[in-house]
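Comments concern the structure below.
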2 protein chains.
Amino acid sequence: MQELGIGEVVRRSGVPASTLRYYEERGLIGSVGRRGLTRVFDETVFERLALITVGRSAGFSLDEIALMFAADGRPRLDRAMLAGKADELDATIVRLTVMRDGLRHAAVCPAASHLECPTFRRILREAGSGG
Amino acid sequence: MQELGIGEVVRRSGVPASTLRYYEERGLIGSVGRRGLTRVFDETVFERLALITVGRSAGFSLDEIALMFAADGRPRLDRAMLAGKADELDATIVRLTVMRDGLRHAAVCPAASHLECPTFRRILREAGSGG
DNA sequence: GTCCTACTTCAAGTCGACTTGAGGTCAAGT
DNA sequence: ACTTGACCTCAAGTCGACTTGAAGTAGGAC
């Protein structure tokens, strides 16, 4: 597989070098090795970065994301954890959907304040009880 | 409407008093007034807190959430902004859905490492390009 | 040989969102 | 009168996720 310098990874991923070093330090991405001092990555780093980005925007911490990578070690626990995370995500998706609908409504609602709009308030109540 | 002390709000919302004070300072919730030194809230605070909670888990900053409340001031801009936020949310929801599917798959996938699983990698690629 | 560019380390700084702690007020109970 | 408990303010601390800056190295162009 092709070897990549950090600059190349920065260019192709848009992730700053400082962040890449930080992720490596945290064990989220692994450089293949070193050529002298400088890190050498391979193509798989982009997949990991994609997963990190998506995971972050899903509200997972870097530690949690790191756990998802841990292929070695107890796979049993790992898989249960993944399913758990999927459930968490499901709940989040529901809440976001409610929020999105609320915003869409508020954007066209004639009420002076969104908090005075019955529809918006109902939506909020649902979000509060459901989440 | 019924007047509530901060302790009551804490009990019914689960939000710590320190956080309530902080939100008030940031202009996210307004106490109705003061009775002596102590803050007095009314029932609408729960709706606001619900919106804040949902908004936070949707990845909005407190500043952004504060803007959503601003009923006064240019309503035109406000509504466009709300629609924009709704679009952002839509994108987020798509990404989360992809992530959730990826996790669900990984939870049952027989591959040793999730990164070796073709399905998982395809899902990631989609997430990366779509996000 | 020295300049440039791309990399390196390590410590410290930043930012958002809170939390914690010290010290004070006030009303009610004993 | 005094203690208790719920509240207050304000400054400082914490935590996660990075970023920034200073100082150094390694390899190629001139």
Side-chain angles (χ1 to χ4, degrees), chain A residues 2-42 45 48-69 85 88 92 95 99 131, chain B residues 2-42 45 48-69 85 88 92 95 99 131:
Chain A
Q2 202 191 335
E3 300 199 332
L4 304 162
I6 199 170
E8 189 70 18
V9 177
V10 169
R11 268 186 296 283
R12 285 175 53 183
S13 69
V15 177
S18 61
T19 305
L20 292 174
R21 295 196 192 96
Y22 177 68
Y23 284 172
E24 192 201 31
E25 188 188 325
R26 297 286 307 268
L28 285 156
I29 58 176
S31 52
V32 174
R34 296 294 180 104
R35 192 155 42 205
L37 268 181
T38 85
R39 288 163 182 81
V40 178
F41 300 93
D42 70 7
V45 77
R48 284 182 177 247
L49 288 175
L51 182 50
I52 293 167
T53 302
V54 174
R56 294 276 303 118
S57 87
F60 294 121
S61 70
L62 293 184
D63 280 349
E64 287 176 311
I65 295 170
L67 285 176
M68 297 179 195
F69 283 128
K85 292 293 172 198
E88 276 180 39
T92 303
R95 270 180 293 126
M99 176 104 182
Chain B
Q2 204 192 332
E3 300 199 333
L4 304 162
I6 199 170
E8 190 70 17
V9 177
V10 168
R11 269 184 296 282
R12 285 175 52 185
S13 69
V15 177
S18 60
T19 305
L20 293 174
R21 295 196 192 97
Y22 176 68
Y23 284 171
E24 191 200 33
E25 189 189 323
R26 296 287 306 267
L28 284 156
I29 59 178
S31 51
V32 173
R34 296 292 181 105
R35 190 155 43 205
L37 269 179
T38 85
R39 287 164 182 81
V40 178
F41 300 93
D42 71 6
V45 76
R48 284 184 177 247
L49 288 175
L51 181 51
I52 293 167
T53 302
V54 174
R56 293 277 303 119
S57 87
F60 295 121
S61 70
L62 293 184
D63 280 350
E64 285 176 312
I65 294 170
L67 284 177
M68 297 179 196
F69 283 128
K85 293 292 171 198
E88 276 179 38
T92 303
R95 269 180 293 125
M99 176 101 183

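Here is the naming used below: chain letters follow the sequence lines, and residue numbers restart at 1 for every chain.
- In this structure, Arg56(B) places its CZ atom 8 Å from C1' of dG16(C), rounding to the nearest Å.
- Taking every side-chain heavy atom of Thr38(A) into account, dC7(C) is the closest of dC7(C), dC18(C), dT25(C).
- Rounded to an integer number of Å, the gap from CZ of Phe41(B) to P of dC8(D) is 7 Å.
- Look at Tyr23(B) and you won't find any side-chain N or O under 4.0 angstrom from OP1 or OP2 of dA17(C).
- Nucleotide dG5(D) holds its P atom 19 Å from the CD atom of Glu8(B), rounded to whole Å.
- As a whole-Å value, the separation of Ile6(B) CD1 from dA6(D) C1' is 10 Å.
- Of the side-chain N and O atoms in Arg39(B), one or more sit less than 4.0 angstrom from OP1 or OP2 of dT9(D).
- The backbone N or O of Leu28(B) lies less than 3.5 Å from a partner atom in the side chain of Arg48(B), making a donor-acceptor pair.
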Practice prompt. Take Glu24(A) and Arg21(A) through the salt bridge (Lys or Arg N to Asp or Glu O under 4.0 Å) test and state the conclusion after the steps.
Written response: CA-CA 5 Å; Glu24(A) 192 201 31; Arg21(A) 295 196 192 96; over 6 Å; no
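- Residue contacts shown for Ser18(A) include a base, since a base heavy atom lies under 4.0 Å away.
- In this structure, Asp63(A) atom CG and dC15(D) atom P are separated by 13 Å, rounded to whole Å.
- By the 4.0 Å N-to-carboxylate-O rule, Glu88(A) lies close enough to Lys85(A) to be salt-bridged with it.
- Judged by distance alone, the side chain of Arg34(B) and the main-chain N or O of Leu37(B) form a donor-acceptor pair under 3.5 Å.
- Counting only heavy atoms from C-beta on, Arg21(B) has its side chain closest to dT9(D) among dC18(C), dC18(D), dT9(D).
- Across the protein-nucleic acid pair, Leu20(A) atom CG and dT19(D) atom C1' stand 13 Å apart, rounded to whole Å.
- Between dT9(D) and Arg34(B), a contact under 4.0 Å exists linking OP1 or OP2 to a side-chain N or O.
- The distance between atom CD of Glu3(A) and atom P of dC7(C), rounded to the nearest whole Å, is 14 Å.
- Between Tyr22(B) atom OH and dT9(D) atom C1' the separation is 17 Å, expressed in whole Å.
- Gly36(A) comes within 4.0 angstrom of nothing in the nucleic acid, heavy atoms only.
- Considering every non-hydrogen atom in both Arg56(B) and Ile65(B), the closest pair reads N-CD1, 3.7 Å.
- Phosphate proximity of dT19(C) to Thr19(B): present, with a side-chain N or O under 4.0 Å from OP1 or OP2.
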